[in-house]
Structures are given as C-alpha cells and as structure tokens.
Student: 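For reference, the structure I am asking about is given below.
This structure is a prediction, so every number in the text was calculated from the model and none was measured.
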Amino acid sequence: MIQTIRKAWGIPELRKKIIFTALILLIFRIGNAIPVPYVNVVALETYLDQLSTTVLGLYNVMSGGAFAQATIFALGVQPYINSSIIIQLLTIAIPALERLARDGGEEGKKKIQSITRYTTIGIAVLQGWGYYMLMKNYGILNQQSIWVALVIIVSFVAGSSFVMWMGEQITEFGVGNGISMILFAGILSRVPSMISTMYSSIVSGTMAWWMALLVVVGIVALIVLVTFVNNAERRIPVQYAKRQVGRKMYGGQSSTLPMKVNMSGVLPVIFAQSIAMIPSTIAAFMKAPEKGTFWYSFLQAIDTKSVLYMIFYFLMIIGFSYFYSTIQFNPVEISNNLKKNGGFIPGFRPGKPTADFIKKVLNKITLFGAIYLGIVAILPLLIGKIVGNPALSIGGTSVIIVVGVALETVQALESQMLMRQYKGFLE
C-alpha cells in the first residue's frame, strides 16, 4: 500500500489528485471542529456518552465524533448513504426507475444522481429537525426560539449538502470514491482519542494491560480477516462458442465469471445494527424501570451486551446479506447475457440450467460472506463484554469500512497508474 502511494506520488497527474483529495479531507476535518451556535457542547457530549450503544452512537462514529459536538458537519454522509440505499431499492421496485437505470445510459445515471441529491436534502431536513428536538427536549440548548431552531436545522442541512458535494468532487477529480473517503477520514480521526482513552484507563487501573492487549490483538485479527475476505472471489469458468463472420472466425476463448464473497460490503452490518439498536435507543429516551419488573428484565434481555441481542444481530446480518446479494447479482440476467454473447458454463446448458447453477453458487458464497460479516460484527461485542467496554460494539463496522476503503483506494491508484503506463507506451 505504501509502495503504491509512493509510486503514484511520482506521477504528476496522480500527485495532483492525491493533493486535491487531501485538501478536501482537510476541509472536512475543519468543518467537523466548527460547532453550530446556541448548543451546549459539553452537556451534549455528556449525554451522548451514555447512548454510545444506541443508533446515536453509530451516527457519532460515522461522523468522526462530529455528531456528539453538534458541528456543522454533524450529520456527515449519513443522509447521502440513506438516500442512496432508498433510491437503489426503489430502482428495483419502480419499473420507471429501473428502465431509467438500465436503458437510460449516461443521461439516466445523471437523472438518478439528481434524484438522490434531492432525497439527501429531504432526509437531512428530517434528521436535522430530529436532532434539534432531541437537544431541545433534554435542555442542551442555550436559547430556544424559532430563530434558533431555523439556524440550527439550516446549518445541519447545509453542512450535509456540502459534505455530499465534497464527496462528489473527490470522486470526479480526486482518488477513489468520495463518500467512502470522507467516511474513512471520519472514522480514522477517532483512533488517537481511542488510544488515549485506552492508555488513561490502563494508567488509572480501570483496565488491565492484558485487556488492552486483547483489544489490540482483536483489531489486528479483524484487519487481517477483512483484507483476506475482501479480495476473495469465486470464479466460474465460462467458454465462448466459435462463430464465423464472413471469412473470419471469432470466439472460442475461455473466461471466468467472478463472484465476490463479500458482495454486499458493510451495508448488511449497518442495516442490521441500526434495526437491532432500535429497542435500546427507545429505552434510552424513556424512564428507567425499577428492578424486578417485567420491563426491566425485557430491557436487560435486549441490551447490546446480552446474548439474545448478539443472536438477533447475527441472524439479521445473514438475512440482509442474502437480500443485498439478490439485488446486486441477478442469475437470470447473467444467464441471458451469456446466452446472447454465445457464452456458456461447461457442463450446463444455456438458459434455466445455467441460471440455477449460478443461483446455487451465489447462495453458497453469500452464506459464507454473511457468516464472515456476522463474526466481524460479533467479535468486538464479545471483546467489549470481556473487557467491560460496551462502546466496542460498533468497532467491527468501523474496521470493515476503514479496511475496505483503503483497499479500494489502493486498487484505484494501481488502475490509474496502469492506464498511464499503457498510454505512455502507445505514445
């Protein structure tokens, strides 16, 4: 990875892209340090520290700690991610959007991007209003009026829109996927504070040295596992039939149909975590029940540290993994495309037999990928339970995002270097 970045730095065009990406990320970090007016930041941080195992804790990690400080970039890329997922699902459910995505070409993609942007602003307005009401109800605001509400909500919406614009600029003029890079920078910015907190805990005696070592070993093991599985794929051999056009013979070559083991990325974990945390999030806003009552026992059973929560979380990850794999990879469509191009899988007739075989392989690798995601998500929970730090419950999601984006960025740099080498050879 370091060698790739060093080689890319030696190419003037790529150097400009890297510098541009770094400047955008610097602006993002500066924006994360500018709080919106009328908010008691100290009271807000104290309050959200108690909700680290809820959906709000997940938002705080994704925003790089900006959510707990109510900065202008507090909403981060969450509205854009949510709108992208919604539009992706609607593209399958609504025939008009499906035709636009499939047959619209470049113009169709631009229209879908425009719809996604407007949806992002709408979601940002809703989330900004909800965040304002949360601070208002818990007395975190220094002043309360319509003007204060307008300033805070507009600041959040403008910040989220600006983050979306910066992500698009990185995608177009920088290196890698812009939204992923911003998410990567936000999560990575929390590493120094995490190390500092862990060191303070060891010095004060609240955490034993072997517990800290266990956390470090667990993180390293997760990084190795994520790196290995992220590059793993199942390659199905494909043979193309020979065909004669005039006096020339075309085709006859062999190829492969690659199917990634972790096809859905981190989306199943984020969705499963958001839904599994809903009961604990609702409970955090309600009055705590007395010990010995039914509701007290129920809340203890669904707590993020309980075994029941881990089982439910694991099963939901598997369910969402299958859901996203069926959305992203259509065996019938792949089979039809192979048939149109004169391709076939050895041992299987074109058409339905080929589609059934691809579906069977897809189910197998999806199960393996889902179990892998479940292990990565559950392992930090188990380590957090052992060392007594429930905030590690979001660690698995962070590791998958950071490692995935790092590998994706290195691949983007390598592909651009390869393209320029070919260009230089041709010239």
Student: Is there a side-chain contact between F184 and E408 (heavy atoms, below 4.5 Å)?
Tutor: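 The answer is no; the side chains never approach within 4.5 Å.
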
Student: Could you tell me whether the side chain of I236 reaches within less than 4.5 Å of the side chain of F357, counting heavy atoms only?
Tutor: yes

Student: Could you tell me if the side chain of T21 sits less than 4.5 Å from the side chain of T409, heavy atoms only?
Tutor: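 Not touching, per the 4.5 Å side-chain cut-off.
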
Student: Side-chain contact test, heavy atoms from C-beta onward, threshold under 4.5 Å: evaluate it for V405 versus I187 and give yes or no.
Tutor: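 They are not in side-chain contact.
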
Student: Test side chain to side chain contact (heavy atoms under 4.5 Å, CB included) on I123 and I86 and set out the steps.
Tutor: CA-CA 11 Å; I123 292 174; I86 290 169; 3.8 Å; yes

Student: Looking only at heavy atoms, what is the nearest atom pair of I358 and M259, with distance?
Tutor: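 Minimum heavy-atom separation between I358 and M259: O-CE, 4.1 Å.
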
Student: Which one of N82, T120, T119, I94 satisfies the side chain to side chain contact (heavy atoms under 4.5 Å, CB included) criterion with I87?
Tutor: T119

Student: List the atom of L44, the atom of Y131, and the distance in Å for their closest heavy-atom pair.
Tutor: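 Heavy-atom minimum between the residues: CD2-OH, 3.2 Å.
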
Student: Would you give the length of the straight line joining atom CG of L134 to atom CG of L48, rounded to the nearest 0.5 angstrom?
Tutor: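 That separation rounds to 7.0 Å.
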
Student: Any chance you could lay out the side-chain hydrogen bond (donor to acceptor under 3.5 Å, both in side chains) test for S335 and T354, step after step, and finish with the verdict?
Tutor: CA-CA 6 Å; S335 174; T354 299; 4.6 Å; no

Student: Can you say whether the rings of F173 and F20 are parallel (under 30°), tilted (30 to 60°) or perpendicular (over 60°)?
Tutor: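 F173 vs F20 ring planes: perpendicular.
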
Student: Would you find a donor on one side and an acceptor on the other, under 3.5 Å apart, between the side chain of T116 and the backbone of S84?
Tutor: no

Student: How far does CD1 of I152 sit from CG of L141, to the nearest 0.5 angstrom?
Tutor: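 So the gap between those two atoms works out to 4.5 Å.
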
Student: How long is the span from the CD1 atom in I112 to the NZ atom in K109, to the nearest 0.5 Å?
Tutor: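 So the gap between those two atoms works out to 9.5 Å.
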
Student: Between F320 and F323, how do the two ring planes meet: parallel, tilted or perpendicular, split at 30° and 60°?
Tutor: perpendicular

Student: Side chain of N60, backbone of A68: donor and acceptor closer than 3.5 Å?
Tutor: yes

Student: Nearest 0.5 angstrom please: S180 OG to I170 CD1, how far?
Tutor: 10.0 Å

Student: Does the ring pair (Phe, Tyr, Trp, His ring centres under 6.0 Å) test come out yes or no for W129 and Y132, once each step is laid out?
Tutor: CA-CA 5 Å; W129 177 79; Y132 164 76; 8.3 Å; no

Student: Could you go through I24 and F28, starting from their C-alpha distance and side-chain angles, then the distance that decides it, and tell me whether this counts as side chain to side chain contact (heavy atoms under 4.5 Å, CB included)?
Tutor: CA-CA 6 Å; I24 292 289; F28 170 70; 5.7 Å; no

Student: May I ask you to test the R117-E168 pair for a side-chain heavy-atom distance under 4.5 Å?
Tutor: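 In contact.
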
Student: Nearest 0.5 Å please: distance from the OG1 atom of T256 over to the CD1 atom of I345.
Tutor: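 Interatomic distance, T256 OG1 to I345 CD1, rounded to 0.5 Å: 11.0 Å.
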
Student: Hey, does V151 have a side-chain heavy atom less than 4.5 Å from the side chain of V36?
Tutor: no

Student: Distance-only criterion, 3.5 Å: show the donor-acceptor pairs between side-chain atoms of residues 362-372 and protein atoms not counting sequence neighbours.
Tutor:
residue: N363; atom: ND2; partner: K359; partner atom: O; Å: 3.3
residue: T366; atom: OG1; partner: L362; partner atom: O; Å: 2.6

Student: For the pair Y324 and I85, evaluate side chain to side chain contact (heavy atoms under 4.5 Å, CB included) and give the outcome as yes or no after the intermediate values.
Tutor: CA-CA 10 Å; Y324 274 104; I85 293 170; 3.3 Å; yes

Student: Which heavy atom of T171 sits nearest to which heavy atom of G178, and what is that distance?
Tutor: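 Reported closest heavy-atom pair: OG1-N, 2.8 Å.
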
Student: For a quick test of reading the model, state the closest non-hydrogen atom pair linking A355 to V332 and the distance between them.
Tutor: CB-CA, 4.2 Å

Student: What pair of heavy atoms forms the shortest contact from I182 to G167, and how long is it?
Tutor: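 Reported closest heavy-atom pair: CD1-N, 3.7 Å.
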
Student: After noting the C-alpha distance and the side-chain angles of L97 and I115, does the key distance pass the side chain to side chain contact (heavy atoms under 4.5 Å, CB included) rule?
Tutor: CA-CA 10 Å; L97 283 176; I115 294 170; 4.0 Å; yes

Student: Would you check if the side chain of S160 reaches a backbone N or O of V157 as a donor-acceptor pair within less than 3.5 Å?
Tutor: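 Pair absent, no side-chain N/O of S160 close to backbone of V157.
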
Student: Can you give me the closest heavy-atom contact between N32 and S63, atom names plus distance?
Tutor: ND2-O, 3.3 Å

Student: Nearest 0.5 Å, please: how far is NZ in K17 from CG in L413?
Tutor: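 L413 CG to K17 NZ: 10.0 Å, rounded to 0.5 Å.
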
Student: Pairs in or reaching into residues 77-101: which pass salt bridge (Lys or Arg N to Asp or Glu O under 4.0 Å), with residues at least two apart or in two chains?
Tutor: E98-R102

Student: State, with a plain yes or no, whether a side-chain heavy atom of L183 is found less than 4.5 Å away from one of Y80.
Tutor: no

